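Because the structure is predicted, anything quoted here is derived from the model rather than measured. Each chain gets a letter, A, B and so on, in the order the sequences are listed, and its residues count up from 1. Values below: all heavy atoms of this structure, side chains included; hydrogens, waters and symmetry mates excluded.
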Amino acid sequence: MPVITYTSQEQIEVYRFSIPVAIGVPLIALVAQAFLPRWLPFLTIFNLPFLVVIFFAVARRNPISGLLTGGAIGALQDALGGQYIGMYGIAQTVVGYGASSLGVKLDVENAGARFLVTLFFYVTHEVVYFTVARGLVGMTLEWSWMRELGSALANAILAVFLFALLDRFKRRT
Amino acid sequence: METLITRYRNVTILAAVLFAQVLGLAVQVKRSSENESSRLIRIWAISVVTPLEKAIVGMQHGVGNLWHGYVYLRGVRQENRDLKAEIEKLRLEEVRLNQDAEQGRRLQSLLGFKEQYISRTVAAQVIGSSGSEQLRSVYIDKGSHDGIDKDMAVITADGVVGKVLRVFNSTSQVLLINDQSSGVGAIVEKSRLQGVLRGTPVGEVVLEKVMADEQVQSGDKVLTSGGDQIFPKGLPVGVVTKVTKGNELFLNIRIQPFTNLSRLEEVLVITQKAEKAPAVTEAGPTRAVDVLSQRLPSVPDKPPPEVPKKPVAATDKETNQTPTGKPNRPEVAGTTTKPSGTPKPAANVGSAPKAAAAPVTVKPATTSKPEPITINVSQPTAKPQPTAPEQNPETPPEPTPTEEKPH
């Protein structure tokens, strides 16, 4: 007798998004990331493009789509930030691939899972970014566990609310 | 092999994408001379995002102007009165500072110093930031179409902001002075110690390359030194907040910038600088008599000399011109009397400079009651001779009629 677990492929739904949403949401995230810290400097603690990458990757549950989305959003983030293109690109590619691969195996639709996934992948993102920045580009960045964990926590909390909002744009395949 | 790639298709694509990005990164790092291969993707990203940012900023300013200009006018009358009083105060201060500046320029001119002047600026609005803690930069709404070029200095009324990092058609990216890759030549105002201003990874500003045995104190002001060939000399940068011993031979000096770098709204881009030897203005230094004569419009010009034996031209040059060619006002110095025969009381010149250092006493020579008029100016001026045009002890002697004043 076959046992259907909670995480079996039959129970995990794959979503898709309309083209305006697929383009508009990352664009809004990029603009907001560049624009909001002008008034509220502490908002640089949030990484909205990263959250969008996680959301799309987990919802689509397709590793290739996830890594391509991550790579594209990361490259745009690099282009706007003025740094070498590829620094955020590589980090977001890894995150997109990892999140979508995890989404295939686990149900990450509830708030608790989203919180943990975001927390985990934020740290992963920062580790990859720092590795690239220090190892490949030769930048002198200071790693601070307190700051990174604080940022991870803040992003994870924001992710819970943001993902609930973005759920409205999901379409079942 | 094919089966292997098919089986690990996702991982293979991941590796390929990562490899491509690492390769692209390596190419960019190698060609870090800024004529980068990634310019196209930046232009695309900027041209997609900045119109949105410009629209939001424009809307925000429109609403703000409407509110503050037409609706919320509480306290404007009082503010207007205060500002008028402030203007009066500043005008008087300006007279004093002009004297000091003129004296400084004259001395620099004598020593053959060359100085950089800001000859043209472009006002710009900040429309966005990098949105990253790793790179501290902002975007402004002016680009190459407005005459902006790479490495131009960006300032505000408060002080230095940064320099132009990248220029696009209608947008530019400005690297802030608190970014870790920025560097500004700076000098401590009091001790004249020179160093290099740098940003730290956490966004603070420090002054580097100041030897540990030098004396720098908290509260000292820091200015640009002009050594970086980007910022003109003497622009305010910030104030020293903390001085500690560094790891090596240098001090670790933390600076609080005068400009609030996280709340930038309008900035000025210095698009043109001029380097020239400071020229003494034609008018020469403002002297006590000049100030007094400006404030006494009723005092008539000196009548022509009564002794008509001398040639007229020579007389004019000798008596009615200062060394700089400006018509003299000898009546204030006391060579003539007022029509009423009495000098104007000191109370009438009450708006003379308040920030006085040395009082100048002007004695009307030919009045029946030699009541002195005392005004206060900062520049010590010799007591005027009753019958000769006034001379400042620091100015060169009056030229003969054949001499020409060099400009």
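Proximity to chain A (any heavy atom under 4.5 Å) is restricted, for B:Val202, to the side chain, taken from C-beta onward. For chain B, the nearby part of A:Asp78 is the backbone; its heavy atoms alone come within less than 4.5 Å. With a 4.5 angstrom heavy-atom cutoff, A:Leu68 touches chain B only via side-chain atoms. Only the side chain of B:Ser137 comes within less than 4.5 Å of a heavy atom in chain A; its backbone stays farther off. For B:Ile127, the part lying under 4.5 angstrom from a heavy atom of chain A is the backbone only.
Counting only heavy atoms from C-beta outward, the side chains of A:Tyr97 and A:Ile64 never approach each other to under 4.5 Å.
With chain B as partner, the option from A:Thr44, A:Leu80, A:Leu30, A:Thr93 having the largest number of non-hydrogen pairs under 4.5 angstrom is A:Leu80. Contact tally against chain B (heavy-atom pairs below 4.5 Å) for A:Ala32, A:Pro49, A:Gly89: the top residue is A:Gly89. Contact count against chain A (heavy-atom pairs under 4.5 Å) is highest for B:Leu14 among B:Val57, B:Val17, B:Val126, B:Leu14.
Using modelled atom types and a 3.5 Å distance limit, the side chains of B:Arg254 and B:Thr244 yield no donor-acceptor pair. There is a side-chain donor-acceptor pair under 3.5 Å between B:Asn260 and B:Ser262. Side-chain contact check for A:Asn47 and A:Gln77: at least one donor-acceptor pair (N or O, by modelled atom type) lies under 3.5 Å.
We find that B:Lys163 and B:Asp179 are not joined by a salt bridge, their nearest charged nitrogen and carboxylate oxygen being 4.0 Å or further apart.
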* salt bridge (Lys or Arg N to Asp or Glu O under 4.0 Å) between B:Lys54 and B:Asp141, intermediate numbers included -> CA-CA 7 Å; B:Lys54 277 185 184 176; B:Asp141 65 345; over 6 Å; no
